[in-house]
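First the structure, in the form of structure tokens, and then the observations on it.
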Amino acid sequence: MTQNTLLTTAFLFLAVAAYSQTGSISGTVLDKNSAVPYAAVQVTGTNLGVITDSLGRFTLNLVPVGQQNVAISTIGYQPINQKVSVKAGQTTNVDFTLKDDKFNLNEVVITGTRTSKRRTDSPVIVNLINSKQLDQVVATNLLEGIRFQPGLRVEKDCQTCNYSQIRMNGLQGGYSQILINGRAIFSPLTGLYGLEQIPVNMIERIEVVRGGVSALYGSSAIGGTVNVITKVPTKNSYSLTNTYQSIDGKA
């Protein structure tokens, strides 16, 4: 026999010997009766680990023989550790059941930095106005909806053309950026004349960021930003509303 043949035979014997000292672990990660997809499954103290598939199933191969500690973890569930007995050349089937742990998830907040941050670490305060609050103040358009927000001043500056503007931090309306779904589709001039053209029926919520955020939204956001999030239609519908005002007892 040649030297290459001897080396190949030796490697085969070593591989067979190593395989005979290992086994496999397979099973399903469950949440009560439903599967938990994409959970991390790892054998503690080794580099063996897999991610469950869309049905919560997994298989770990070449697991050392003996009592092994299997750790399961995923977002929204309490991590667990369970002992599993692995036998040489055999597959051990075991199912793992996780418990909900949604209360320990970090709070989801909206920030003015376009990056995820904890609420306590956020340098920018974002005020939210939802559709229910718009109904409570009997607002018919965007300008009336933000009239009662702290730090914002809505005023009419021209008796002839009757245009309105939003003052933030004492600056004129041209320094306040108006966004629609996060996009600056309004120019500073349109921000003066177009606020009354957006009805509250199409507004899901309004995000108000006071303070200079020009680095994120452009030179028009020196005073602050008003981001209008529109509703997503789910079905065909219509609504009718009316407003009645009385001045000095006369309609």
Side-chain angles (χ1 to χ4, degrees), residues 1-126 128 130 181-183 204-205 207 215-216 227 229 232 234:
M1 299 178 65
T2 64
Q3 184 176 3
N4 291 335
T5 305
L6 290 174
L7 289 175
T8 303
T9 305
F11 280 124
L12 288 176
F13 278 114
L14 290 175
V16 172
Y19 183 79
S20 63
Q21 299 300 318
T22 61
S24 300
I25 301 175
S26 66
T28 306
V29 179
L30 303 171
D31 171 14
K32 295 181 180 179
N33 295 323
S34 60
V36 178
Y38 314 119
V41 183
Q42 185 176 10
V43 179
T44 305
T46 69
N47 294 325
L48 299 175
V50 294
I51 302 296
T52 59
D53 60 13
S54 59
L55 299 178
R57 298 173 300 189
F58 72 93
T59 300
L60 286 167
N61 296 318
L62 300 178
V63 180
V65 173
Q67 290 288 334
Q68 300 296 334
N69 185 49
V70 178
I72 313 290
S73 62
T74 187
I75 297 176
Y77 296 90
Q78 297 179 6
I80 63 172
N81 292 275
Q82 184 171 327
K83 294 289 185 179
V84 177
S85 179
V86 180
K87 297 181 180 180
Q90 298 184 12
T91 299
T92 303
N93 295 311
V94 59
D95 294 336
F96 300 88
T97 302
L98 303 181
K99 295 183 180 180
D100 293 339
D101 192 26
K102 296 182 176 61
F103 292 105
N104 290 332
L105 289 175
N106 289 335
E107 185 175 8
V108 178
V109 297
I110 299 175
T111 67
T113 59
R114 289 187 176 180
T115 56
S116 58
K117 290 182 178 294
R118 292 177 61 89
R119 184 175 182 178
T120 54
D121 299 333
S122 178
V124 180
I125 298 177
V126 180
L128 293 182
N130 55 35
N181 295 326
R183 297 183 179 273
E204 177 67 27
R205 67 180 184 274
E207 304 170 359
L216 296 175
N227 186 21
I229 307 298
V232 177
T234 56

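Owing to the predicted nature of the structure, the values given are computational and were not obtained by experimental measurement.
Heavy atoms only, all atoms of each residue included: L62 and L48 are closest at O-CD1, 3.4 Å. The two residues F58 and T28 make their nearest non-hydrogen contact at CE2-N, 3.8 Å. The shortest non-hydrogen separation linking N81 to A71 is OD1-CB, 3.2 Å.
Under the side chain to side chain contact (heavy atoms under 4.5 Å, CB included) criterion, Q68 pairs with V43, V63, P64, V86, not counting sequence neighbours. Remark: D53 pairs with R57 by the salt bridge (Lys or Arg N to Asp or Glu O under 4.0 Å) rule, at least two apart or across chains.
Two residues are said to be in side-chain contact when any heavy atoms from C-beta on lie closer than 4.5 Å; T59 and V50 fail this criterion. Side-chain contact between V70 and I72: present, with at least one pair of heavy atoms (C-beta onward) separated by less than 4.5 Å.
Between Y77 atom OH and D31 atom CG the span is 3.5 Å, to the nearest 0.5 Å. Expressed to the nearest 0.5 Å, how far CD of Q78 lies from CD1 of I80 amounts to 10.0 Å. With values rounded to the nearest 0.5 angstrom, N61 atom CG is found 7.5 Å from T91 atom OG1. The line from CD of Q42 to CG of L60 is 9.5 Å long, rounded to the nearest 0.5 Å. Here CG of L55 is found 11.5 Å from OG of S34. Values are rounded to the nearest 0.5 Å.
In this structure a side-chain-to-backbone donor-acceptor pair under 3.5 Å is present from T52 to V36.
The salt bridge (Lys or Arg N to Asp or Glu O under 4.0 Å) contacts involving residues 82-93 comprise nothing, where partners must be two or more places apart or lie in separate chains.
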N181/I229 under side-chain contact (heavy atoms from CB on, under 4.5 Å): CA gap, chis, key distance, verdict: CA-CA 5 Å; N181 295 326; I229 307 298; 3.9 Å; yes
